[in-house]
Amino acid sequence: MRAHQADDPDHAEQLYREVLDLRVAQPDALHYLGVLCHQGGRSDEGVELIRTALQVTPKHPDAHNNLGNIHKECGRLREAEACYRKALEHGPQHYNALSNLAVVLEAQERPQEAFEAYEKLLQQAPDFAQGHYLLGLFLRNHAQGLEHIEQSVACFREAYALEPRFVQALEALSVSLYVLGRSDEAVQVYRDWMAREPDNPIPRHMLAACGGADAPVRAGDAYVRDIFDRFADSFDEQLLQNLDYRAPQVLAGVLNAVLPAPAAALDVLDAGCGTGLCAPLLRPHARQLAGVDLSGGMVEKARQRGGYDALDVAELTAYLQEQPDAWDVVLSADTLVYFGELGPVLAAAHAALRPGGWLVFSLEAKEGEEDRVELTASGRYRHSRIHALRALERAGFGDIRIDEDSLRKEFGQPVRSWVVRARCVDAATAAAERLPA
């Protein structure tokens with residue numbers, strides 16, 4: 001277990017198996033080896049090992065909880081729920097299992113049951129900072145009015161008071177304050193944070209997002225890396241809580257409409273792959289499926305999920321510039337929202353695509369007819385339709401289509417988004433398409 005905790009998986013697995021050689025079906029070795037296998041991308045093997053452990057010790061709440069975690073992270077929410085309920089049956093005070101149960105109830109669109117689970121959690125564990133934070137997110141994600149945003153502020157303040165290193169709570173607090181129109185308070189939270197941690201890129205970026213400093217042309221590498229490395233373990237869980245998150249499915253649908261029938265014949269890049277949610281949707285088209293992301297933590301999660309032939313940790317624009325004529329398809333789900341000016345990254349994407357290749361991506365939509373980009377309190381950028389169109393045309397793309405959709409919710413409300421499709425064409429074709437009829 002010390003080797004496991006020290007992130008030495010090969011040594012840990014060897015030792016767990018030595019224990020099992022000495023004592024067949026030793027339940028702790030089976031249980032934690034199962035956790036290790038899941039962490040290494042062998043989730044089915046992990047499930048079987050923990051199930052075997054539970055045959056020996058059927059009333060072990062930690063094993064039921066960890067089995068639930070594997071099901072949850074594999075998207076099997078009903079199975080996860082059953083495991084968490086078993087954990088609570090045998091350990092009624094197991095607040096991690098209760099917290100996990102609340103999350104999967106929310107993900108199954110059962111908000112009243114989820115709220116009751118969060119309330120029970122905080123009654124049992126009033127000093128559990130993560131519980132206050134999760135309840136705050138729940139209140140904000142399902143807000144029916146400003147009073148729920150106000151209540152989320154109180155939750156985030158309590159989470160941070162209980163755990164002063166819990167910077168996610170500070171960030172969530174500032175966003176809620178900004179949504180309530182209390183931008184001066186939000187700005188002050190980030191200024192106080194910067195005073196304590198002057199080298200931390202997160203408060204520096206978010207101060208600009210709340211209007212307390214000039215907005216950068218794009219989110220800095222350090223900010224993006226820190227945010228997503230920090231959220232890698234809980235990223236899919238957070239997306240589950242945004243119940244209408246549908247960017248991978250929508251963008252894959254756009255691709256399916258323009259590509260031939262899947263024949264595993266194309267070189268496909270998942271640009272900003274995150275934890276790999278797009279992989280199973282892209283795999284049928286791909287002879288080679290590669291993923292790239294700035295966050296090493298996210299790439300590790302994508303590696304565990306599987307489905308890719310190659311995964312790289314790199315900044316997207318630089319990566320594309322180093323891959324001329326390499327791809328038939330580049331898909332980017334919820335990644336270009338961290339770029340303000342789209343010109344450089346779209347020019348790099350055009351150079352990386354082969355003639356006739358397709359680029360598909362999503363943006364958060366800004367209203368208006370002007371060429372505008374806006375950094376919002378979420379830390380992400382919104383782009384006007386004309387900005388996206390002009391940047392694509394300048395990069396040399398043709399056959400451009402920009403449709404409005406909603407790919408997720410924020411604060412209980414749909415977020416307006418652009419779903420963008422464009423084709424890599426030669427300069428003459430692109431120029432001809434821009435001429436008026």
Side-chain angles (χ1 to χ4, degrees), residues 129 132-161 163-220 222-224 226-228 230-231 238 241-242 334 336-341 363-368 370-384 387 406 408-417:
H132 290 278
Y133 173 72
L134 288 172
L135 178 57
L137 291 180
F138 174 87
L139 290 166
R140 199 169 68 189
N141 288 340
H142 298 272
Q144 300 298 309
L146 291 180
E147 69 274 12
H148 292 133
I149 308 292
E150 291 278 7
Q151 291 166 8
S152 78
V153 167
C155 290
F156 297 138
R157 287 195 192 280
E158 184 65 16
Y160 186 66
E163 179 48 76
R165 293 174 298 178
F166 197 174
V167 293
Q168 294 102 312
L170 262 189
E171 187 175 350
L173 168 63
S174 299
V175 172
S176 287
L177 288 169
Y178 190 88
V179 171
L180 290 167
R182 294 154 61 180
S183 55
D184 290 346
E185 291 180 65
V187 164
Q188 194 57 50
V189 169
Y190 288 123
R191 284 183 174 151
D192 291 344
W193 186 359
M194 283 183 65
R196 288 194 302 275
E197 300 182 37
D199 296 328
N200 191 325
I202 295 174
R204 187 183 316 120
H205 178 81
M206 294 305 295
L207 181 65
C210 287
D214 292 337
V217 295
R218 49 157 288 192
Y223 166 78
V224 174
D226 283 13
I227 283 288
F228 287 101
R230 187 156 48 83
F231 276 117
Q238 297 296 334
Q241 291 183 24
N242 285 318
D334 277 359
L336 301 192
V337 294
Y338 291 97
F339 291 74
E341 167 55 52
L363 298 169
E364 290 191 10
K366 178 170 176 54
E367 295 181 6
E370 302 90 358
D371 186 339
R372 294 285 303 279
V373 178
E374 173 186 62
L375 179 61
T376 72
S378 67
R380 300 184 294 272
Y381 293 85
R382 289 180 186 153
H383 299 81
S384 67
H387 178 87
S406 173
R408 61 183 176 82
K409 286 185 176 180
E410 192 167 75
F411 315 137
Q413 301 300 316
V415 175
R416 291 181 62 238
S417 301

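In what follows, residues are counted from 1 in the order of the sequence shown.
Taken to the nearest 0.5 Å, the CZ atom of Arg204 stands 7.0 Å off from the CG atom of Asp199. Considering NE2 of His383 and CZ of Arg372, their distance stands at 12.0 Å, rounded to 0.5 Å. One finds the NE2 atom of His387 at 8.5 Å from the CG atom of Leu363 (value rounded to the nearest 0.5 Å).
Distance alone, capped at 3.5 Å, is enough to place a donor-acceptor pair between the Arg140 side chain and the Ala172 backbone. Checked by atom type and distance alone, the side chain of Ser384 never pairs as donor or acceptor with a backbone atom of Gly368 at under 3.5 Å.
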Could you tabulate the donor-acceptor pairs under 3.5 Å formed by side-chain atoms of residues 149-158, not counting sequence neighbours?
residue, atom, partner, partner atom, Å
Glu150, OE1, Arg182, NH1, 2.9
Ser152, OG, Ile149, O, 2.6
Ser152, OG, Ser176, OG, 2.9

Distance-only donor-acceptor hits, side chain of residues 212-220, under 3.5 Å, sequence neighbours excluded:
residue, atom, partner, partner atom, Å
Arg218, NH1, Glu315, OE2, 2.8
Arg218, NH2, Asp221, OD1, 2.5

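Qualifying side chain to side chain donor-acceptor pair (under 3.5 Å) partners for Gln188, counting only residues two or more places apart in sequence or in other chains: Asp192. For Asp226, the side chain to side chain donor-acceptor pair (under 3.5 Å) test picks out no residue, with sequence neighbours left out. Looking at residues two or more places apart in sequence or on another chain, you find no ring pair (Phe, Tyr, Trp, His ring centres under 6.0 Å) involving Tyr178. In this structure, the ring pair (Phe, Tyr, Trp, His ring centres under 6.0 Å) partners of Tyr338, at least two apart in sequence or on a different chain, are Phe228. A search for side chain to side chain donor-acceptor pair (under 3.5 Å) contacts involving His132 returns nothing, not counting sequence neighbours. Contacts of Arg165 classified as side chain to side chain contact (heavy atoms under 4.5 Å, CB included), with partners at least two apart in sequence or in another chain: Glu163. Take His205 and apply the ring pair (Phe, Tyr, Trp, His ring centres under 6.0 Å) test, not counting sequence neighbours, and it matches Tyr223. Residues satisfying the salt bridge (charged side-chain N to carboxylate O under 4.0 Å, His left out) criterion with Arg416, sequence neighbours excluded, are Glu367, Glu404. With sequence neighbours left out, the side chain to side chain donor-acceptor pair (under 3.5 Å) criterion links Arg380 to Glu364, Glu410. Contacts of Phe166 classified as ring pair (Phe, Tyr, Trp, His ring centres under 6.0 Å), with partners at least two apart in sequence or in another chain: Tyr133.
Between Lys366 and Val373, every side-chain heavy-atom pair lies at or beyond the 4.5 Å cut-off. The shortest distance between side-chain heavy atoms of Tyr381 and Leu375 falls below 4.5 Å. Side-chain contact between Glu185 and Leu180: absent, with no pair of heavy atoms (C-beta onward) separated by less than 4.5 Å.
Scanning all heavy atoms of the two residues, the minimum distance from Pro203 to Met194 falls at CB-CG, 3.5 Å. Residues Ser406 and Pro414 come closest through the heavy atom pair OG-CB, 3.2 Å.
Ring orientation note: the planes of Trp193 and Tyr190 are close to parallel, at an angle under 30° on the 30°/60° scale.
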